[in-house]
Amino acid sequence: MLEFRIDSDHAGVRLDKVLRQRLPRVPTSHLQKMIRTKKVRVNGRRARPEQPLSEGDVLTIRGDERKLLGEAPAPARAPAPEEVARLRILQEDGWMMAVDKPSGLAVHPGSGIRGGTLVDLVRAHLGPKAERNGFSASPAHRLDRETSGVIVVAKRRPAMVHFTEVFTHGGARKQYLALAKGTFPRPEGRIDLPLSEHQQSAESKARRGVNMQEAATGRTHQIRRHLAAIGHPVAGDRKYGDFGFNREARARWGLQRLFLHAERLELPHPETGVRVRLESPLPPELVDVLRRAGIRP
């Protein structure tokens, strides 16, 4: 069993983020499973992935210490200078930076992903300034690998704590652009269908059935899953989409990727509290698809 006491530098940080920092060699999916199966506790109580930790909290993790800490993996390939040079920065100051992420670039390392992630490029761009008081500059939220658009990076630990609070409690306003199959019955509306837990294990499903979660904001692949659920999947979606429609979109309009783009993000600045508006133009390859489809961007 491992035991950690939370210090002042980690106060306010989400439990799942602390686990990823403390156990970097354990896959994120396994960490989530350990939380679900009550192998992770805070002050002896059942833990939640999103719960913020407080200074003095005792974090206990049941398991084989040697397996949890593991052996150091081979170092990831450092990004080439030309890769770093292509990083498109929308805004940057001492607290944060906003990046225009291209489709196909993973945000974090994961299964089958070694180097060349947004995290690697950002830290290579920042150089020695990527780390401050034991905190490494990190994205404050996620975008799917095939989704393009605005993503915010925290450059200081207090900025990450701030952004975690903002995204957890709905203080950010996001706007996405998507091309979907079919014609919607009305020009606007709200989808709040519950979604199944994305990382629920087969054992858990067999024991208690599919765990459905409220999904007004912030679930994995939420836009893609919700649009697919109402019969209007996102064009180019190879996981939840209509494969026949995707083939047609590729043949007729030249669509080679997921047509989902994070166009705009508004949120309060971590130092001043003033709302910042960050925008990313629709990538040229998606503009071309709309033109071929006879849709005005």
Side-chain angles (χ1 to χ4, degrees), residues 77 79-91 98-122 125 139 141-152 174-189 191 195 198 219-265 277-297:
R77 175 186 64 83
E82 56 268 24
E83 292 180 277
V84 180
R86 288 196 293 267
L87 187 67
R88 185 162 183 261
I89 299 170
L90 301 172
Q91 182 173 318
V99 176
D100 192 355
K101 186 187 88 65
S103 175
L105 178 66
V107 174
H108 295 89
S111 178
I113 300 172
R114 293 284 300 158
T117 65
L118 182 70
V119 170
D120 298 316
L121 296 178
V122 163
H125 163 76
H141 57 115
R142 290 178 178 265
L143 285 181
D144 298 343
R145 184 173 187 168
E146 299 306 318
T147 302
S148 54
V150 180
I151 190 162
V152 168
K174 305 176 187 178
Q175 181 169 309
Y176 290 79
L177 289 175
L179 180 65
K181 177 185 176 183
T183 302
F184 286 80
R186 54 182 183 271
E188 62 182 53
I191 307 172
L195 294 172
H198 187 64
R219 298 298 180 189
T220 301
H221 300 165
Q222 181 173 326
I223 294 174
R224 297 162 61 186
R225 295 168 74 191
H226 266 162
L227 288 177
I230 65 170
H232 298 288
V234 178
D237 192 335
R238 291 176 289 184
K239 186 176 180 68
Y240 306 104
D242 182 310
F243 301 131
F245 175 63
N246 290 345
R247 283 195 301 270
E248 182 180 1
R250 186 165 53 250
R252 293 180 58 190
W253 310 324
L255 179 61
Q256 302 292 328
R257 51 159 287 194
L258 176 74
F259 201 121
L260 183 60
H261 178 69
E263 176 190 44
R264 184 179 303 150
L265 175 61
R277 178 168 169 162
L278 306 161
E279 294 184 315
S280 165
L282 193 66
E285 70 271 17
L286 297 187
V287 173
D288 288 344
V289 167
L290 293 182
R291 177 177 53 80
R292 295 188 188 104
I295 302 171
R296 188 171 65 180

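Below, each value reflects all heavy atoms present in this structure, side chains not excepted, and no hydrogens, waters or symmetry copies.
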Under the side chain to side chain contact (heavy atoms under 4.5 Å, CB included) rule, what do L282 and E263 come out as? Steps first, then yes or no, please. CA-CA 7 Å; L282 193 66; E263 176 190 44; over 6 Å; no

Yes or no on side chain to side chain contact (heavy atoms under 4.5 Å, CB included) for I230 and F184, after CA distance, side-chain angles and deciding distance? CA-CA 10 Å; I230 65 170; F184 286 80; 4.0 Å; yes

Could you walk me through whether H141 and I151 satisfy the side chain to side chain contact (heavy atoms under 4.5 Å, CB included) test, starting with their C-alpha distance in whole Å, then the side-chain angles of each, then the deciding distance to 0.1 Å, before giving a yes or no? CA-CA 7 Å; H141 57 115; I151 190 162; 3.5 Å; yes

Starting from the C-alpha separation in whole Å, work towards a yes-or-no answer on side chain to side chain contact (heavy atoms under 4.5 Å, CB included) for V122 and H125. CA-CA 5 Å; V122 163; H125 163 76; 5.6 Å; no

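Side-chain atoms of R145 do not come within 3.5 Å of backbone N or O of L105 as any donor-acceptor pair. The backbone N or O of V150 lies less than 3.5 Å from no partner atom in the side chain of D100, so there is not a single donor-acceptor pair. Not one N or O on the side chain of T117 forms a donor-acceptor pair closer than 3.5 Å with the backbone of H108. A donor-acceptor pair under 3.5 Å is absent between the side-chain atoms of H261 and the main chain of S103, judged by distance alone.
Other residues, nucleotides and ligands contribute only 12 or fewer heavy atoms inside 6.0 Å of the CZ atom of R247.
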Enumerate, atom names and distances included, each donor-acceptor pair closer than 3.5 Å involving a side-chain atom of residues 251-259, sequence neighbours excluded.
from : atom 1 : to   : atom 2 : distance (Å)
R252 : NH1    : E248 : OE2    : 2.7
R257 : NH1    : S148 : OG     : 3.3
R257 : NH1    : E285 : OE2    : 3.0
R257 : NH2    : S148 : OG     : 2.9
R257 : NH2    : L260 : O      : 3.1

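The shortest side-chain heavy-atom distance between V99 and L121 does not fall under the 4.5 Å cut-off. Within the 4.5 Å cutoff, the side chain of L87 has heavy atoms near those of the L118 side chain.
Here the closest heavy-atom approach between residue A262 and residue S280 is recorded as O-CB, 4.0 Å. For the pair V84 and P79, the tightest heavy-atom approach, listed with the atom from each and the gap, is CG2-CB, 3.9 Å. Across all their heavy atoms, P233 and G241 have their closest contact at CB-CA, 3.7 Å.
Between atom CG of residue L177 and atom CG of residue L286 there is a gap of 9.0 Å, rounded to the nearest 0.5 Å. Annotation: the span from L265 atom CG to E279 atom CD amounts to 10.5 Å, rounded to 0.5 Å. Taking CZ from R238 and CZ from R224, the interatomic distance works out to 9.0 Å, rounded to the nearest 0.5 Å. Of the inter-residue distances, the one linking Y240 atom OH with H226 atom NE2 reads 11.5 Å to the nearest 0.5 angstrom. Rounding to the nearest 0.5 Å places CG of D237 at 9.5 Å from CG of L227. Rounding to the nearest 0.5 angstrom, the gap separating the CZ atom in R142 from the NE2 atom in H221 is 10.0 Å.
Contacts classified as salt bridge (charged side-chain N to carboxylate O under 4.0 Å, His left out) and involving residues 177-189 (residues at least two apart or in different chains) are given here: K181-D242.
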